[in-house]
Structure formats: C-alpha cells, structure tokens
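Taking it in order: structure first as structure tokens, then the write-up.
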2 protein chains.
Amino acid sequence: MYEQLKKSLQEHVTLSDKEWELCKHSFRPKRMLKRQFLLQEGDVCRELAFVEKGALYSYSLDMSGNKRVIRFAFEGWWMANLQSFFTGKPTRLNIEVLEDSELLILDRKNHEMLLEQVPPYERYHRIIVQNAYVALQRRVENALGLTAEEKYERLIAESPAFLNRVPQHLIASYIGVSPETLSRVRGSYNR
Amino acid sequence: MYEQLKKSLQEHVTLSDKEWELCKHSFRPKRMLKRQFLLQEGDVCRELAFVEKGALYSYSLDMSGNKRVIRFAFEGWWMANLQSFFTGKPTRLNIEVLEDSELLILDRKNHEMLLEQVPPYERYHRIIVQNAYVALQRRVENALGLTAEEKYERLIAESPAFLNRVPQHLIASYIGVSPETLSRVRGSYNR
DNA sequence: AAAAACTCTTGATATATATCAATGAATGTG
DNA sequence: CACATTCATTGATATATATCAAGAGTTTTT
C-alpha cells in the first residue's frame with residue numbers, strides 16, 4: 001500500500017527508518033472509484049493526495065460548461081489544488097477519479113508537522129515542486145503559439161503515457177484544442 | 001544593494017544574523033544594461049539571478065524567429081532557467097535585460113551549500129517555488145482556451161504591473177496573441 | 001439483451017486570429 | 001539635427017480551428 005510513496009521518497013532523499021514510519025503513519029489510505037470526486041469546485045482543498053494506484057485528473061469548467069483539463073496524476077504522482085491548499089480559499093477546480101484508485105491522503109496539519117519534524121521530507125517536497133514547476137513551464141511553452149498538430153506531436157514526444165490511459169477528448173482539452181480538431185490531427189497522421 | 005533579497009527572505013522565513021551573513025556573501029552583485037543577455041540559447045544555466053533593481057525577461061525563439069516570452073522578473077523576483085540549472089543541459093531560452101538592472105548572482109555550488117547549511121534557506125526556496133508553481137498553473141489556465149480579449153482582461157486583473165513596464169508586443173507574446181490582435185483588443189476597449 | 005450514455009469520427013460552416021502591408025509616432029544614435 | 005530603430009496602429013486577406021450536426025462504434029447500466 002505504501003510502495004509508491006516509499007519509492008518516490010527514496011528517489012530524492014534518504015530517510016531513517018524512524019522518519020519513514022513517521023511519514024507513513026501521517027497518511028490515511030483511501031480507495032476511490034472511477035467518476036468519484038476528490039475535490040469539487042467551491043470546496044477548500046484541505047488535503048494532498050498521493051496516487052499509489054490508478055489515475056486522477058483535475059479540471060475547471062468554462063462558461064459553457066466545458067471541461068478544461070489542468071493535469072493528470074498517475075501512480076507515484078501527487079494531486080491537489082495547491083492554490084486552495086495554501087490559501088484556504090475555495091477552489092475553482094474539480095479533481096475526478098479517472099481509474100479506480102488507491103490514494104494516500106495527507107492533511108495540512110500532518111504535512112506541516114512533517115515539514116517541521118522531518119528535514120528530508122521538506123527537501124523531498126522542495127525537489128518535487130521544483131520538478132513540477134519545470135514540467136509546467138515546459139507545458140506553457142507548448143500551450144502558447146503552437147498549432148494543434150505541433151501540440152499533439154509534443155505530447156507524444158513528452159508524455160506518451162497519457163495517450164494509452166486517457167480518453168482522447170480529455171487529451172484534447174489538456175492541450176487546448178477541440179476534440180474534433182484532435183481527431184482530425186490524428187487522422188491525417190495515419191496517412 | 002541587498003535590501004530586496006533580505007526583504008524577500010524575511011517575508012517567508014526567519015534567519016539569524018549569522019545565517020543572513022552567510023547567505024549574503026554567497027551572492028555576487030552584477031550590474032547589467034538594457035538589451036544585454038544574462039543567458040543565451042545553447043548556454044548552460046549555471047546561476048540563479050535575484051533582481052534587486054530593474055527588469056528581465058526570458059523567451060525562446062520559434063521557427064520563424066519570433067520571440068515567445070516565457071516570463072518577466074522585476075525587483076524581488078528570481079530569474080533563471082531552472083530546467084537547465086538542474087539538469088546541466090543547454091537551455092533553449094534567452095534571458096534579456098529589459099531595464100538597466102542590479103542583480104544578485106548565486107552559482108550552483110553556493111546554492112547547494114546554502115540548502116545544506118541554512119535550513120531556513122531551504123524552506124524559503126520551497127515556499128518560493130511553491131508560489132511560482134501556483135502562479136504558473138494559473139497562467140496555464142489563462143493560456144488555454146481563452147479568447148484574446150479574455151486573456152488580456154485576466155492579465156489586467158492579475159498582473160497589472162506588467163502593463164506599465166513592458167512593451168506591448170512583449171505582453172502580446174506573453175499571453176500568446178499577435179501584437180496586432182492585442183492592439184485591436186486594446187482599441188476596442190477604449191470605446 | 002435492450003437501452004442509455006459515452007466516445008470518436010467526419011462533413012459543412014462560421015469565426016477569431018494570424019499574417020501581410022503600410023503609416024505614423026516615439027525613441028535612440030551618430 | 002538628421003537618421004535609423006523600435007513600437008503601436010489600422011486595413012485587407014488568409015487560414016487554422018471552433019462550432020454545429022449527424023452517425024457509427026463502444027461501453028455501461030438496467
């Protein structure tokens with residue numbers, strides 16, 4: 001149940017057994033089924049979720065009620081709305097379960113306790129957020145000013161794993177094109 | 001010369017006098033003039049820059065040679081290409097001086113020394129990157145799927161300071177529209 | 001097994017925005 | 001001060017992509 005978490009921590013920092021036990025017991029396991037919501041628009045995000053198994057995605061709804069996918073999270077990834085988590089303000093985002101999942105939930109109090117008590121945990125978190133920032137910046141570069149075809153090519157190059165696990169219309173939303181356009185881009189690809 | 005840096009640190013963490021001295025002396029001051037380059041495409045980013053005074057911006061060049069603005073940095077902000085800084089690989093970005101500037105430069109060795117030696121510095125960095133991540137995610141939301149007019153409205157709402165200090169064509173690039181379109185959006189606004 | 005809901009594809013049309021081009025204003029430079 | 005750059009505006013046109021609409025194939029639900 002905690003394999004992915006342990007693996008993720010060990011990839012970036014070294015923990016004593018005692019530190020690991022303290023981390024481990026700060027999380028609460030939670031199973032969720034496809035289509036369930038981890039967070040809904042208007043809620044305050046009070047917890048961080050670590051994905052042990054399965055897949056989640058977050059999105060906002062535009063004025064016409066269309067989903068605007070923000071990001072996906074698979075095994076070994078974190079998911080939350082950090083803005084709401086840190087500010088305590090209601091979120092504009094929904095987090096929905098894409099595949100039946102096993103999550104490890106960490107509430108704010110425990111998160112802060114770990115940051116204080118376990119220095120490698122704070123280091124881990126710095127590195128994780130750093131990496132997420134770099135990836136996100138790359139995404140901004142790919143979102144602005146590219147054609148639909150270029151966006152799709154870059155997705156294939158940079159995040160091929162998404163293609164097998166995520167419905168095409170969510171991919172379309174993620175790269176900021178309509179589902180029809182993505183379908184046509186893919187169509188012209190096969191010729 | 002170190003006012004902004006001290007202010008930025010104190011906003012997020014508490015440092016002993018000794019820790020502050022250690023931080024301070026790890027930086028190297030550097031003056032730069034408008035149009036000079038802090039980093040050029042193909043270079044490896046080996047330093048973090050903190051802006052004491054002035055303004056910088058980073059951008060990549062698309063296939064047609066047009067600038068694609070990634071971000072701006074004013075007093076109290078950090079600037080670097082983190083991807084290149086952490087991986088040691090050559091950057092695709094240019095960092096150019098927008099207004100004559102006073103920078104504080106921190107090389108990788110000193111950065112890592114501070115992370116090790118000064119716990120509040122690591123905490124500061126975690127928080128800074130966290131905040132940058134939240135801001136960047138907001139930007140992705142604003143970049144994808146909005147009309148030119150909506151993008152401009154959100155920029156006014158969220159980063160009004162940019163408008164006074166940055167030429168309009170760079171703003172246009174930053175929000176991902178052509179300079180002509182931005183000009184027209186602004187024009188229709190004044191009526 | 002039938003019905004319902006979801007997903008992808010394909011076609012026709014509309015539209016927002018890029019592109020091309022010219023002009024004038026503002027700014028910097030020898 | 002003349003000259004060259006840079007910058008913003010405006011018009012005409014082209015084009016990529018959204019939107020609207022229908023149908024076929026899947027998957028899910030009852």
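In what follows, chains carry the letters A, B, and so on, assigned in the order in which the sequence lines appear, proteins first and then strands, with residues in each chain numbered from 1.
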(message) Using only modelled atom types and a 3.5 angstrom limit, is any donor from either the side chain of A:Glu180 or the base of C:dC8 paired with an acceptor on the other?
(response)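 Checked by distance alone, the answer is no.
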
Rounded to whole Å, how long is the line connecting atom [atom1] of [X] with atom [atom2] of [N]?
X	N	atom1	atom2	result
A:Lys34	D:dT28	NZ	C1'	9 Å
A:Arg186	C:dT10	CZ	P	11 Å
B:Leu33	C:dG28	CG	P	14 Å
B:Asn66	C:dC20	CG	P	10 Å
B:Lys67	D:dC7	NZ	P	7 Å
B:Leu182	D:dT9	CG	C1'	11 Å
A:Leu98	C:dT7	CG	C1'	14 Å
A:Leu170	C:dC8	CG	P	8 Å

(request) Specify whether B:His111 and B:Tyr121 have parallel, tilted or perpendicular ring planes, treating 30° as the upper limit for parallel and 60° as the lower limit for perpendicular. (result)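 B:His111 and B:Tyr121: perpendicular rings.
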
When you get a sec, tell me which of [options] is the closest nucleotide to the side chain of [X]?
X	options	answer
A:Ser183	D:dA8, C:dC8, C:dA12	C:dC8
B:Arg35	D:dT6, C:dA18, D:dC20	D:dT6
A:His169	C:dA12, D:dA8, C:dC8	C:dC8

(message) With rounding to the nearest 0.5 angstrom, report the NE2 to CH2 distance, B:His25 to B:Trp20.
(response)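 Result: 9.5 Å between the selected atoms.
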
(message) Ring of A:Tyr174, cation from A:Arg139 - is the NZ or CZ under 6.0 Å from the centre and inside 45° of the axis?
(response)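 Judged by the rule (NZ or CZ under 6.0 Å from the ring centre, within 45° of its axis), A:Arg139 counts as positioned above A:Tyr174.
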
(request) Could you tell me whether A:Glu116 and B:Arg123 have a side-chain N and a carboxylate O separated by less than 4.0 Å? (result)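 B:Arg123 and A:Glu116: salt-bridged.
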
Taking only N and O in the side chain of [X], is any of them less than 4.0 Å away from OP1 or OP2 of [N]?
X	N	result
A:Gln168	C:dT9	yes
B:Thr181	C:dA18	yes
B:Ser178	C:dA18	yes

(message) What contact category does A:Gly145 fall into here, base, sugar-phosphate, or nothing, at under 4.0 angstrom with non-hydrogen atoms?
(response)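 No contact.
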
(message) Here's a test for you: under side-chain contact (heavy atoms from CB on, under 4.5 Å), which of B:Ile70, B:Val69, B:Val97 qualifies with B:Tyr57?
(response)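 It is B:Val69; the other options fail the test.
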
